[in-house]
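Start at 1 and go down the list; that is how both ligands and their atoms are numbered.
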Amino acid sequence: MCGISAYIGKNNNAAEIVFNMLSRLEYRGYDSAGIAYIKKGKPAKISVVRDKGMVEDVKEQYIPEHSDLCIGHTRWATHGEPSKINAHPHLDCKQEIAIVHNGIIENYIALKKMLEDEGHKFVSATDSEVLAHLIEKFYDNDNVLTLEDAVRQAIALLRGSYGIAVISSKEEKIVAARLGSPIIVGIGKDENEYFVSSDTNALLPYTNSTIPLNDGEIAILTKNDCKIINKDAILMQKKIEKILYNLQSAEKGEYAHYMLKEIFEQPRVINETMRGRLRIEEGIVMLGGVRMKDEEIRSISRIVFIACGTSLHAGMLGKYLIEEIARIPAEAEYASEFKYKFPVLDKNTLVIAISQSGETADTIASLREARARGANTIGIVNVVGSTIAREAEKGIYVYAGPEIGVASTKAFTAQVTALYLLSLYFGRIRNTISGFALRELVEEFARIPEKVQKILDNANAIKDIADEFYNYRDFLYLGRGYNFPVALEGALKLKEISYIHAEGYPAGEMKHGPIAMIDEGFPTMAVLIKDNVYNKIMSNVEEIKARHGRIAAITTEGDDNVKKILKKDDKVMDIPETLPIFYPFLTVVPLQLFAYFCALKLGKNVDKPRNLAKSVTVE
Ligand code: F6R
């Protein structure tokens with residue numbers, strides 16, 4: 001949801017560096033982009049290059065010039081359509097201050113009115129432009145006010161969320177600040193250059209030493225110094241944090257798309273999320289980040305998962321797992337609804353926030369609400385040091401590594417791995433699962449990565465099926481039990497990258513309405529594996545066939561019964577056999593590949609689907 005980058009240092013090519021960082025941040029938004037840099041001279045001046053379009057297109061308009069100080073932005077429009085005039089950076093009236101902003105300024109209408117009454121002239125339809133004019137209002141060198149003082153006074157008036165970087169032609173510095181939207185400072189190798197970024201991926205080519213800002217903190221970066229202050233201008237002592245993965249893990253390498261690479265990484269990701277936590281020989285599960293006394297675990301009366309999108313689908317699966325394995329009542333809630341429905345919570349309720357980025361505004365808001373209402377909280381997060389990772393009382397990192405493709409794939413399987421570990425851990429402590437049963441589950445769990453690999457080795461068979469089905473306008477996805485959240489996830493993948501309308505449904509509900517849609521032009525993707533509801537879904541498939549609906553089905557290897565009821569133009573994708581509770585790992589992968597190959601065939605931008613952004617940092 002907009003990406004910010006900035007550079008100050010000895011390198012005269014600041015604009016080039018900022019453009020490079022922006023292209024690594026493009027998954028956060030890509031409808032327009034821009035940079036502002038300081039052109040030395042007497043007086044020094046701010047130069048701006050910005051336009052509608054992707055970073056690469058905007059960069060073509062930049063004529064290289066020496067500069068050692070630059071800020072940049074890649075946009076996902078909230079206020080004001082994508083256009084040159086609405087693209088960041090935004091300037092003040094005198095064109096001496098430039099700002100880039102990620103977030104939403106909720107009280108911008110009132111602030112704009114106040115500033116216009118004072119004579120400020122606005123040119124864009126954005127909320128962000130008020131910030132440039134507010135800083136201008138407070139910035140007055142004659143009164144010995146520094147840029148950071150002006151920024152501090154300006155942001156004190158803002159309601160909403162922001163991650164910002166600000167420059168002035170009068171001072172050689174970058175001022176960056178955050179409230180609700182991530183800002184990470186990167187420290188150059190010899191400590192006389194500094195970077196600012198919305199995430200760590202963009203910093204990787206330059207440094208792995210970072211200082212993530214907390215809400216309310218302000219960074220003041222010059223060529224040889226980095227100071228962090230709080231809103232009262234008190235100097236903060238911050239620790240340098242190292243990025244734990246390398247540049248290669250954030251590149252797409254030999255793969256055509258990040259999404260494909262990330263789908264293929266899943267066996268490794270599941271292994272890494274399990275590593276050290278699943279003790280196969282002893283048949284036990286250890287979760288260091290969830291240090292809870294046995295008594296505390298036994299006193300949990302209810303678990304509520306809060307998340308959005310794909311992470312919510314992982315949470316829905318978590319509900320099934322926790323109820324079956326640990327026998328604790330559980331719910332999965334849209335984070336965007338949870339906070340505003342006055343949730344009933346107490347100290348025996350455990351709220352589990354699931355998020356790949358750890359920065360999703362709705363999930364953060366709900367987590368804070370849960371804490372304020374006295375619930376215990378756990379975060380299941382991929383990005384180390386992110387807001388949810390820091391604000392949840394306990395945590396499980398999922399070790400998926402950087403996920404760049406906008407459509408989430410490996411983060412889902414990693415989250416699901418963490419949820420199995422948590423359910424088995426709670427189940428053992430609460431004595432709802434015997435040592436014997438746990439050992440059997442742990443052993444099969446350890447075999448899952450190689451079974452996922454087997455599906456990936458057969459990806460071409462799924463491509464052939466996609467080549468037959470990519471031209472439909474609509475799709476129904478059916479699954480039941482553990483595979484109902486998988487059906488939702490498969491449908492979400494298809495619609496977000498191929499723009500084919502797809503609806504996920506619990507298979508048993510089909511006869512209560514959706515069956516009316518079925519005809520030869522409305523195909524169904526059925527998750528039809530050998531579990532306890534196999535016969536029921538078989539009946540649903542028969543009902544669809546009786547209405548001339550076409551079927552693509554995920555079936556268990558060697559299941560000949562399905563083939564008997566299907567016609568020649570129906571298709572099946574076989575997956576290896578496993579224990580019923582582990583099927584979601586194996587059923588979701590063909591659905592991810594199916595969506596990928598449909599989008600590819602349709603010529604869509606797989607890694608950057610229209611209208612979407614990877615990290616939704618506004619409510
Ligand atoms: C779908 C997708 C989104 C995210 C959702 C939550 O492919 O990526 O639905 O799952 O925006 O994001 P996180 O997990 O970062 O909180």
Side-chain angles (χ1 to χ4, degrees), residues 1-3 27-29 76 180-182 198-201 257-260 262-263 266 269 305-318 332-339 352-368 379-392 395-398 400-416 418-419 477 485-486 488-499 502 504 588-589 591-596 599 604-619:
M1 194 109 317
C2 301
Y27 69 89
R28 300 175 64 89
W76 185 85
S181 300
S198 300
D199 78 12
T200 47
N201 290 340
H257 295 98
Y258 280 107
M259 183 181 176
L260 190 62
E262 288 157 7
I263 291 173
Q266 292 177 108
V269 163
F305 294 99
I306 47 169
C308 302
T310 291
S311 298
L312 178 64
H313 299 152
M316 293 170 81
L317 191 47
E333 301 253 13
Y334 291 102
S336 54
E337 290 294 318
F338 180 80
K339 178 183 166 183
I352 303 184
I354 308 176
S355 174
Q356 186 284 127
S357 60
E359 300 295 349
T360 299
D362 291 317
T363 314
I364 294 172
S366 288
L367 175 67
R368 289 178 182 159
I380 297 184
V381 175
N382 188 33
V383 177
V384 176
S386 55
T387 304
I388 294 176
R390 282 181 287 128
E391 293 196 11
I396 307 176
Y397 279 122
V398 300
E403 190 179 65
I404 314 285
V406 165
S408 186
T409 52
K410 64 174 180 173
F412 176 79
T413 36
Q415 289 162 349
V416 169
L419 289 164
Y477 276 59
V486 172
L488 293 176
E489 178 55 12
L492 178 61
K493 289 289 89 85
L494 188 69
K495 64 188 147 198
E496 68 185 329
I497 61 168
S498 72
Y499 320 143
V588 77
V589 174
L591 297 185
Q592 295 167 341
L593 285 167
F594 180 75
Y596 172 80
K604 306 297 182 207
N605 188 341
V606 175
D607 282 335
K608 291 173 189 155
R610 70 181 182 205
N611 303 341
L612 294 180
K614 179 94 187 137
S615 188
V616 187
T617 55
V618 293
E619 271 197 61

Quiz item: Which of the atoms in ligand 1, numbered in the order shown and given with their element, are less than 4.0 Å from a heavy-atom of Ala407?
Solution: 7 (O)

Quiz item: With atoms numbered from 1 as shown, which atoms in ligand 1 lie under 4.0 angstrom from a non-hydrogen atom of Lys493?
Solution: 1 (C), 7 (O)

Quiz item: Tell me, which protein residue and heavy-atom name are nearest atom 7 (O) of ligand 1, and how many Å apart are they?
Solution: Glu496 OE2, 2.5 Å

Quiz item: To which protein heavy atom is atom 12 (O) of ligand 1 closest, and what is the distance rounded to 0.1 Å?
Solution: Thr360 OG1, 3.4 Å

Practice problem: Looking only at protein heavy atoms, identify the closest one to atom 15 (O) of ligand 1 and say how far it is in Å. | Solution: Ser357 OG, 2.6 Å

Quiz item: Taking Arg28 for the side chain and Ala613 for the main chain, is one N or O donor matched with an acceptor at less than 3.5 Å?
Solution: no

Quiz item: Does the Lys604 side chain pair with the main chain of Ser498, one donor and one acceptor, at a distance under 3.5 Å?
Solution: no

Quiz item: When you look for heavy atoms under 4.0 Å from ligand 1, do you find them on the side chain of Glu359, its backbone, both, or neither?
Solution: neither

Exercise. Taking Thr413 for its side chain and Lys410 for its backbone only, find out whether a donor-acceptor pair lies under 3.5 Å.
Key: yes

Exercise. Decide whether an N or O pair under 3.5 Å exists between Gln415 and ligand 1.
Key: no

Exercise. Quick one: look up the protein heavy atom nearest atom 11 (O) of ligand 1 and list residue, atom name and how far away it is.
Key: Val616 CG2, 4.2 Å

Quiz item: Strictly by modelled atom types, are Gln415 and Ser311 linked by a side-chain donor-acceptor pair under 3.5 Å?
Solution: yes

Self-check item: Test item: Ser366 and Lys339 side chains (from C-beta on) under 4.5 Å apart, heavy atoms
Solution: yes

Quiz item: Does some non-hydrogen atom of Thr409 fall short of 4.0 Å from ligand 1?
Solution: no

Quiz item: What residue and heavy atom of the protein are closest to atom 6 (C) of ligand 1, and at what distance?
Solution: Cys308 O, 3.4 Å

Exercise. Measure from the side-chain N and O atoms of Asp362 to the backbone N and O of Ala335, and report whether any donor-acceptor pair falls under 3.5 Å.
Key: no

Quiz item: So, Tyr499 side chain and Arg610 main chain: donor-acceptor pair closer than 3.5 Å or not?
Solution: yes

Quiz item: So which of Glu262, Lys493, Gln266 actually passes side chain to side chain donor-acceptor pair (under 3.5 Å) with Gln592?
Solution: Gln266

Quiz item: Given that the side chain starts at C-beta and the backbone is N, CA, C, O, which of these parts of Val406 lies under 4.0 Å from ligand 1, counting heavy atoms, or is it both or neither?
Solution: backbone

Quiz item: Nearest protein heavy-atom contact for atom 10 (O) of ligand 1: which residue, which atom, what distance?
Solution: Thr310 N, 3.1 Å

Quiz item: Which distance, rounded to the nearest 0.5 Å, do you find between the NE2 of His257 and the CD1 of Ile263?
Solution: 11.0 Å

Self-check item: For Gln356, atoms of ligand 1 separated by under 4.0 Å from a heavy atom
Solution: 13 (P), 14 (O), 15 (O), 16 (O)

Self-check item: Numbered atoms and elements of ligand 1 in range of Ser311, under 4.0 angstrom, heavy atoms
Solution: 10 (O), 13 (P), 14 (O)

